[in-house]
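One structure is given here, and the rest of the page talks about it.
Predicted, not measured: the structure shown is a model, and the values here were computed from it.
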Amino acid sequence: MTTAQRISKWFFYLLLFPATLGVCAWQGWAWWSWAIAPARSGEPADNTVQIEIPQGTSAQQIGADLEAAGLIRSNTAWNLWTRWQTLQNRSGDFQAGTYALSPSEPLDAIADQIWQGEVVQASFTIPEGWSMQQMAAYFEEEGFFSAADFLAAARQVPYDRYPWLPKDLPHLEGFLFPDTYEVPEGITAALVVNQMLDRFEQAALPVYQQAQSAYSLKDWVTLSSIVEKEAVVDAERSTIASVFARRLTEGMPLGADPTVEYAFNLRQAPGQPLTLAQVNTPSPYNTYLIAGLPPTPIASPGLASLRASLQPQDTEFLYFVARYDGTHVFSRTLAEHETAQARIQDGVASQTPSSAAN
């Protein structure tokens, strides 16, 4: 080998080859930096694209879908990122679901969001005192699922999963706990029902178990649902519960308007009270005609009514009548009760003489 050849060889190994490697590494790093950068970095972070990842979708297909949606710049970079997670033995995997992803986020942030299952969450709120019918209408109006789907799910009593549920229930009225819930997009009626039963099991069932009540679980929830529908002012809840407790003890009909409303699937208003014909119509839920509790709850009671029914205030009241401001007048005797009714009617008549005349 000549001197010139040796110099050329050393020049290649010492200068040209390292320089070539450096250029390649720089170009590779430049490409990688470009590939994992946000697809559209100038957009606001709250401008998201919703994408559905079905169960069983491969990592390669997820990358292709993200690239097609304009959420990442390079499917190749996505596959390299995925391979790197495998080499690191990272626990977990990409999770199915509906995601709201921002093209202003870098590739690794988007990948982490899908890896950790940060799916789109929806929320719904069920107020205390709502019936299954009201819930069904609400879910349909909010676009979760049809009212019929919810009612069908609520009529399936899952004893296998919730063995504490009272036997022979025709439906889950009263046991669908009122609360605010967060759920993934696309949730089914059956899963919502299970979530509400889970919350009852966590929040309400321990209250009953710790109290060692003489009521059965179904009777407790049924009584609490009537208290919930009657009580407007929280301070009166325990007093209302005491009236019903005394009436049950003495074998008197509860005489609760909400049970008749439930039987007719209606809601009375100041100008549209229950009619005498409705009050006299026989029904298992007509507590003017039958003594004791109706066969099932009539709504979903909240914790305040559930607790008040277990520990009602100690009173001698057997009657109450509603004023038109949400409060009630409580009485010990029928004579006192009738006097209170007359005073309230006189007050309404004096304020609206034309209506009273009609």
With sequence neighbours excluded, residues passing salt bridge (charged side-chain N to carboxylate O under 4.0 Å, His left out) with [X]:
X	answer
Glu316	Arg332
Glu182	none
Arg90	Asp112
Arg247	none

Next on the checklist: For the CH2 atom on Trp34, are there more than 12 heavy atoms of other groups (residues, nucleotides or ligands in this structure) within a distance under 6.0 Å?
Outcome noted: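 Yes, the 6.0 Å shell around CH2 holds more than 12 heavy atoms from other groups.
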Any side-chain heavy-atom pair of [X] and [Y] under 4.5 Å:
X	Y	value
Val193	Gln156	no
Ile114	Leu101	yes
Ile187	Tyr181	no
Ile110	Leu66	yes
Arg73	Leu107	no
Phe94	Thr57	no
His337	Gln341	yes
Pro294	Ile226	yes

Identify whether [X] and [Y] are in the same connected component of the hydrophobic contact network (ILVMFWY, side-chain heavy atoms under 4.5 Å).
X	Y	value
Leu191	Leu151	yes
Ile240	Tyr215	yes
Phe320	Val232	no
Ile290	Ile298	no
Leu303	Phe244	yes

- Message: Running the 4.5 Å side-chain criterion over Ile, Leu, Val, Met, Phe, Trp and Tyr, what cluster does Val120 land in, apart from itself?
- Response: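 Members other than Val120 - counting any ILVMFWY side chain reachable under 4.5 Å - there are none.
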*What's in the same ILVMFWY side-chain cluster as Leu318, cut-off under 4.5 Å, chained through other members?*
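ILVMFWY cluster around Leu318 also holds Met252, Tyr319, Leu334.
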So does Thr239 get a backbone contact from the side chain of Thr315, meaning a donor-acceptor N/O pair under 3.5 Å?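 No; judged by distance alone, with no hydrogens or angles, the pair does not exist.
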Test of understanding: with side chain to side chain donor-acceptor pair (under 3.5 Å), list the residues that count as partners of [X], not counting sequence neighbours.
X	result
Asp168	none
Tyr288	Asp257
Glu201	Trp164
Ser300	none

Side chains of residues 171-180: which donor-acceptor partners sit under 3.5 Å, not counting sequence neighbours?
residue : atom : partner : partner atom : Å
His171  : ND1  : Glu173  : N            : 3.3
Glu173  : OE1  : Met132  : N            : 3.4
Glu173  : OE1  : Tyr262  : OH           : 2.8
Glu173  : OE2  : Met132  : N            : 2.9
Asp179  : OD2  : Arg199  : NH1          : 2.8
Thr180  : OG1  : Thr125  : OG1          : 2.9

_Geometric class of the Phe144/Phe139 ring pair [parallel <30°, tilted 30-60°, perpendicular >60°]_ =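 The arrangement is perpendicular - the two ring planes meet at more than 60°.
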Worksheet entry | No-hydrogen, no-angle side-chain donor-acceptor test under 3.5 Å, Thr48 and Tyr99 |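 The criterion, which ignores hydrogens and geometry beyond distance, is not satisfied for Tyr99 and Thr48.
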Check: If we ignore angles and hydrogens, is there a donor and acceptor under 3.5 Å between the side chains of Glu228 and Ser305?
Finding: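 There is such a pair (donor and acceptor under 3.5 Å, judged by atom type) between the side chains of Glu228 and Ser305.
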So which pairs with a foot in residues 220-241 pass ring-ring contact (aromatic ring centres under 6.0 Å, His included), sequence neighbours left out?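 Residue pairs passing ring-ring contact (aromatic ring centres under 6.0 Å, His included), neighbours aside: Tyr208-Trp220.
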| query | Looking at the rings of Phe124 and Trp130, which for Trp means the six-membered one, are their centres under 6.0 Å apart? | reply |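 Centroid distance Phe124-Trp130: not below 6.0 Å, so no.
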(request) Measure the OG-CG distance between Ser224 and Leu310 for me, rounded to the nearest 0.5 Å. (result)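 Here the interatomic distance stands at 6.5 Å.
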- Roughly how far, to the nearest 0.5 Å, is the CG atom of Leu205 from the CD atom of Gln210?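 One finds 9.5 Å between CD of Gln210 and CG of Leu205.
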